[in-house]
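One structure is given here, and the rest of the page talks about it.
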Amino acid sequence: MARTSEMAAQISNYEAAASFYELAFYMDLEDDPFRGRAYERAARAIESSPQSIIALYKKGGVDELQTLPGVGKAIAKKLQDLFKTGRIPTLEKLQAKYPIKLSELLSVEGLGPRRIKTLYEKLSVKNLEDLETAAKTGKVRQLTGFGEKTEEKILQSLEFLKAEKGRIPLAIAIPLADQFQHALASVEGVEEVYVAGSIRRGRETIGDIDLLAITSNPRQVIDTFTSLPQVVAVHQKGEVKASIRHKSGIDADLRVIQKGSMGAALMYFTGSKEHNVALRTIALSKGMHLNEYGLFKKEKKTAGEQEEEVYKTLGLPYIPPELRENRGEIEAASKNSLPHLVELTDLKGDLQVQTSWTDGANSITEMVQAAKTFGLEYIAITDHTKSLAMTGGLNEEKLRTQMKEIDKLNQQSDGFRILKSAEVNILKDGSLDIDDQTLGDLDAVGAAVHTNFNLPREEMTRRIIRAIENPNVDILFHPTGRLIGQRPPYQVDIESVIEAAKRTDTILEIDAYPERLDLKDEHARMAVDRGVNLCIDSDAHSKEQFPYLQYGVTQARRGWAAKESIVNTRSVDEFLRYVKH
DNA sequence: GCCGTTTTCGGCCCGACTGTTTTCAGTCG
């Protein structure tokens, strides 16, 4: 079905980038790897552009598109085709030539472009089903370059793909990584064990766990690693490197490192790959050479033991791991304009906390005690409101009763402040389910969508904007409503919501609840770029959940947020002055 | 297909490991 131009106008950066990733893959099939790298580079630039590229195009046509790094005349033209007609003829020709389910087949471990091409040409393998049939009937092993073991690995990977979707949430990966770290740290000869990879970068989901060890006894740490009780399969086992599958289904890699290379190795294995590629290119331009062992000039090592030292020798300040995605951090670093990122210790308050008045597990007093212990100076009590019947949402009358109780608790307090607030439900038409007079008496008002998730994009966007235009609303809670791995975000034009938040001076929340992390990093960055204020909330439903704030801080850091962008780094009086102005 | 403070042509990041080979292609990160 051909898209109309109106539909094409909705193509997101993500969708456009996907087309170029696909083109890149086809170039690999066509034995044109350099053109493939070019498409890949353009795809990354499109994906990570802080503004929508269709807006770029509307502003200045193909010339404006060519300001993106890696986008030249030919790719700009393809983007123009995509915007105007919803199609890229080159891509359609290739899709017709190779009618295969690309992303499916690429998700199989051990399959890359070359093998996928062979499987298609020799065995007509187009998708996972074809692949499974071919492997089960022993046809794969007969192909040149394949063998029994490859066939067996393909079958194993197919089983895994059926059982799992591949990535696990950060909050689940961290404790697993800690377990490995402790187990390996106690091996004789081990000096230090580090967790690198996407966990260190704080990505919201994790594909595998990367571990680095400094040891005088590589063999023993590798042997220990591959024979831990939680290990169900060993993929690789060499002199300095091993790779295993944890019983949870997640893979973990261990690499043994010399102390003098630790900084270079940490950088290399922290990634991202794109960040590393960019750094290596800088090294080359300075007549140097960067790998996981160090930074070299000719044969001579010029840096390697510390990350700071490697960055410095490349002419850059230290770049925090959360920023290492090649989304402009290297350019910012070279201009010395990296933000000073927010830290957990900067947070003074938490603006979304549930209690046993609705669906929380603990009383206001218990939540206050836990917040104090965690080191906070104030929290907002934000129980659900009446239209959310399943949580026993509060009506105006109950809210007023709760306000009185909070006043009483504050009078007995030793300086800790409890703010009167609510998580007000945004109704289908964008109105709120609590009257304005009651809202006006609260210290702060958070609003959120909890019902009618499936509205069309325009209607959902209008609904949310109408809600934040209500002068009583101070914060938009979990702005996109997604639950990682369970529920996609509702259809909403987040850029318009950010614009509206700027106009109405509404705070957008980064909800730190592990399955929410909403706003996500790139949207947080859009908001920061536009000068919109954010808050980081635990969304705690029990007294144990304040540590979730760390995940929110990580997410905010990935969104380039400095302390100044996060309103709950302010004292309670400053915060109240801000929301009352 | 993109790009340029040696280049408008000739480059394009790089090393470990595995399996299938008998010296290396393919994949991965």
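Chain identifiers are assigned alphabetically (A, B, ...) following the order of the sequence lines, protein sequences preceding nucleic acid strands; residue numbering begins at 1 within each chain. Everything numeric here is computed off the predicted structure, so don't read it as measured data.
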Scan side-chain atoms only and decide if A/E22 and A/Q95 contain a donor-acceptor pair under the 3.5 Å cut-off.
yes
Among side-chain atoms of A/Y57 and A/Q80, is any donor-acceptor pair under 3.5 angstrom?
yes
Calculate, to the nearest 0.5 Å, the distance between atoms CG and NZ belonging to A/L105 and A/K126 respectively.
11.0 Å
Which whole number of Å gives the distance between the [atom1] atom of [N] and that of [M]?
| N | M | atom1 | result |
| --- | --- | --- | --- |
| B/dT20 | B/dA25 | P | 16 Å |
| B/dT18 | B/dT23 | C1' | 15 Å |
| B/dC3 | B/dT8 | P | 16 Å |
| B/dC12 | B/dT7 | C1' | 13 Å |
| B/dC17 | B/dT22 | P | 23 Å |
| B/dG11 | B/dA16 | C1' | 25 Å |
| B/dT21 | B/dG26 | C1' | 13 Å |

Spacing between [X] atom [atom1] and [N] atom [atom2], to the nearest angstrom:
| X | N | atom1 | atom2 | value |
| --- | --- | --- | --- | --- |
| A/Y39 | B/dC2 | OH | C1' | 11 Å |
| A/Q66 | B/dC2 | CD | P | 8 Å |
| A/M267 | B/dC14 | CE | P | 15 Å |
| A/K77 | B/dC2 | NZ | C1' | 18 Å |
| A/L284 | B/dT6 | CG | C1' | 15 Å |
| A/R141 | B/dT18 | CZ | C1' | 18 Å |
| A/R35 | B/dG11 | CZ | P | 17 Å |
| A/L290 | B/dG15 | CG | P | 11 Å |

Taking side chain as C-beta onward, heavy atoms only, is A/L279 less than 4.5 Å from A/Y311?
yes
Is the shortest side-chain N/O distance from A/K78 to OP1 or OP2 of B/dG1 below 4.0 Å?
yes
Parallel, tilted or perpendicular: which one describes the rings of A/H289 and A/F296, with boundaries at 30° and 60°?
tilted
Any idea how A/F180 and A/H246 line up, ring-wise: parallel (<30°), tilted (30 to 60°), or perpendicular (>60°)?
perpendicular
Lys/Arg cation over aromatic A/F269: A/R255, 6.0 Å, 45° cone
no
If each of A/Q236 and A/K73 is mapped to the nucleotide of DNA chain B with the nearest heavy atom, which maps nearer the 5' terminus, i.e. the 5' end?
A/K73
Whether each nucleotide of nucleotides 19-29 of chain B has a protein heavy atom under 4.0 Å at its base (B), only at its sugar-phosphate (S) or at neither (-) is summarised, 5' to 3', as SSS----SSSB
Which base sits across from B/dA25 as a Watson-Crick or G-U pair, both distances under 3.5 Å?
B/dT18
Does this structure show an ion pair linking A/R37 with A/D28, if we count only N-O contacts that are shorter than 4.0 Å?
yes
